[in-house]
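As structure tokens, the structure follows; a few thoughts come after it.
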There are 2 protein chains.
Amino acid sequence: MQTRVVIAEDHLFVSQGLVSALSSIEGLTVLQTVANGIEAISAIRKHRPDVAILDYNMPGANGLEVFLEARRWAPETRFLVLTGSMQAEMLAQMVEAGVHGVMLKDGSEAEIINAVRQVRAGRTMIGASAQRMLDSASGTTDLTDRELAVLQAIARGHSNISAAALLGISPKTVDTHRTSVMRKLGAHSTASLLLTAVRAGLLDPDSLR
Amino acid sequence: MQTRVVIAEDHLFVSQGLVSALSSIEGLTVLQTVANGIEAISAIRKHRPDVAILDYNMPGANGLEVFLEARRWAPETRFLVLTGSMQAEMLAQMVEAGVHGVMLKDGSEAEIINAVRQVRAGRTMIGASAQRMLDSASGTTDLTDRELAVLQAIARGHSNISAAALLGISPKTVDTHRTSVMRKLGAHSTASLLLTAVRAGLLDPDSLR
DNA sequence: CGCGGCATCGGGTGAACACCTGATATTGAA
DNA sequence: TTCAATATCAGGTGTTCACCCGATGCCGCG
């Protein structure tokens, strides 16, 4: 089976390791490797790969943001997100958002290769550690996809206007989602919105840069 | 030159990649790989390696803790700490503590190999990205008492006007401190101010309500 | 004494925000 | 079919922010 892959990973050493590991999969072609979230969206739009392997923590846009945006342009692409560490809330969000594969980077090379194979074959897979985290997590977020996308954009310092340009919607729509998020989190200023979201595990300061 | 190495890295995939990469260094022997900080201390005590390669984020004890404890038993061992992401404050702490090498995981395989060589050769090395973080962090935590007070008030959701009432000063003064804090942290919106401050360890989301 | 750092405060501006009102279209479930 | 949830978008308002310019007074250090 042909497998065309895009890899998005800002740690060059890990990216090189992934390319090397994936070379053992027959019929697999790595179309492009990129090092930040914005480039990942572009590459996925351009190549419409079979599988996109995304690191969660990347500059410009994190793995979930890339997934939410890129799938609108490449609906057939299946996504595997790898992460070194992540809060359970974010893990739950990604599963709920429909990411096809999620695993922590504590997996071996063989486990990662297996994950790529499963995702390519149309199955949804969650790595063992990720599953354990999910099992022990109680909370579920009630932000919609778009609300979350707007929250992430705000957290990256975007004004409503530039968030609108980034997401391809009207500033009034950003305004609407922003207001909705604030109402849901009980925040009345941007500052308290941000800290409440961090506390709720909706934002990871280290993955937003 | 003989190089005996212990590797401590909880991400199995990365650990395997390191072993593979280091195999290209002539005369280098990987004595043991461990996956958490406590085991790292034990292995270093047992083997007294020439070089210990430590991941910063590990269960049990982080890279700095391992360094501080293990060097008491293996004073000849030289330490290279690798990290995926880290706050500048912690980076500064490790440099100050005397870790022989620090680099972010955005380096390529070649850069990591070079780092191991330099550390083994007795030199202290700081990776390019780590150095940039240290350079840009040198002034970021230099907030005055009043600036910090204003930052805290903002984080609690106060507008400039209500922060002024809280601190017994004019809103213009709040404005001045606020602008100064933003300049020092390089932020251009309230959102990025908050997250930058959290990342810099200036704000603790859990203690602000 | 001179100077820099800090705290304080004022004038001002245009952009941005927080929230009010309203609307249409799509989707999935009952 | 109906309805609720979601996404999208518009009109609007007063407040707030981010930054521009300027200033004085106090303190500690060289």
Tell me whether the OP1 or OP2 atom of dT8(C) has a side-chain N or O from Arg146(B) closer than 4.0 Å. yes
With a 4.0 Å cutoff (strictly under), does any side-chain N or O of Thr173(A) reach OP1 or OP2 of dC9(D)? yes
Ser189(A): what forms a side-chain hydrogen bond (donor to acceptor under 3.5 Å, both in side chains) with it, not counting sequence neighbours? Ser192(A)
Glu147(A) meets the salt bridge (charged side-chain N to carboxylate O under 4.0 Å, His left out) criterion, sequence neighbours left out, with Lys184(A)
Which residues satisfy the salt bridge (charged side-chain N to carboxylate O under 4.0 Å, His left out) test with Arg71(A), sequence neighbours excluded? Asp145(A)
For nucleotides 25-30 of chain D, give me one character per nucleotide, 5' to 3': B if any protein heavy atom sits under 4.0 Å from the base, S if the only such contacts are to the sugar-phosphate, - if neither. ------
Keeping the roles fixed (side chain from Arg78(A), backbone from Val119(A)), state whether a donor-acceptor pair exists under 3.5 Å. yes
Test: salt bridge (charged side-chain N to carboxylate O under 4.0 Å, His left out). Region: residues 162-174 of chain A. Which pairs qualify, not counting sequence neighbours? Lys172(A)-Asp175(A)
So salt bridge (charged side-chain N to carboxylate O under 4.0 Å, His left out) across residues 114-124 of chain A, not counting sequence neighbours, yields Asp50(A)-Arg120(A)
Pull out every protein N or O sitting under 3.5 Å from an N or O of nucleotides 27-30 of chain C, one pair per line with the distance.
none

Under 4.0 Å, counting only non-hydrogen atoms across every strand here, what does Thr144(A) touch: a base, just sugar-phosphate, or nothing? sugar-phosphate
When rounded to the nearest 0.5 angstrom, what is the spacing between OG1 in Thr144(B) and NE2 in His177(B)? 6.0 Å
What are the residues of residues 68-78 of chain A, sorted by number, that bring a heavy atom to within less than 4.0 Å of DNA chain D? none
Using five pairs at either end of the helix from dC1(C)-dG30(D) to dA30(C)-dT1(D), determine the angle between the two local helix axes and round it to 10 degrees. 50°
Using ring-ring contact (aromatic ring centres under 6.0 Å, His included) as the criterion, list what pairs up with Phe13(B), not counting sequence neighbours. none
Distances for protein N or O near nucleotides 16-20 of chain D N or O, under 3.5 Å:
from: dC17(D); atom 1: OP2; to: Asn160(B); atom 2: N; distance (Å): 3.1
from: dA18(D); atom 1: OP1; to: Thr190(B); atom 2: N; distance (Å): 3.0
from: dA18(D); atom 1: OP1; to: Thr190(B); atom 2: OG1; distance (Å): 2.7
from: dA18(D); atom 1: OP2; to: Arg178(B); atom 2: NE; distance (Å): 2.9
from: dA18(D); atom 1: OP2; to: Arg178(B); atom 2: NH2; distance (Å): 3.2
from: dA18(D); atom 1: OP2; to: Thr190(B); atom 2: OG1; distance (Å): 3.3
from: dC19(D); atom 1: OP1; to: His188(B); atom 2: ND1; distance (Å): 2.8
from: dC19(D); atom 1: N4; to: Asp175(B); atom 2: OD1; distance (Å): 3.4
from: dC19(D); atom 1: N4; to: Asp175(B); atom 2: OD2; distance (Å): 2.4

In short, side chain to side chain donor-acceptor pair (under 3.5 Å) pairs touching residues 15-36 of chain A with sequence neighbours left out are Gln32(A)-His47(A)
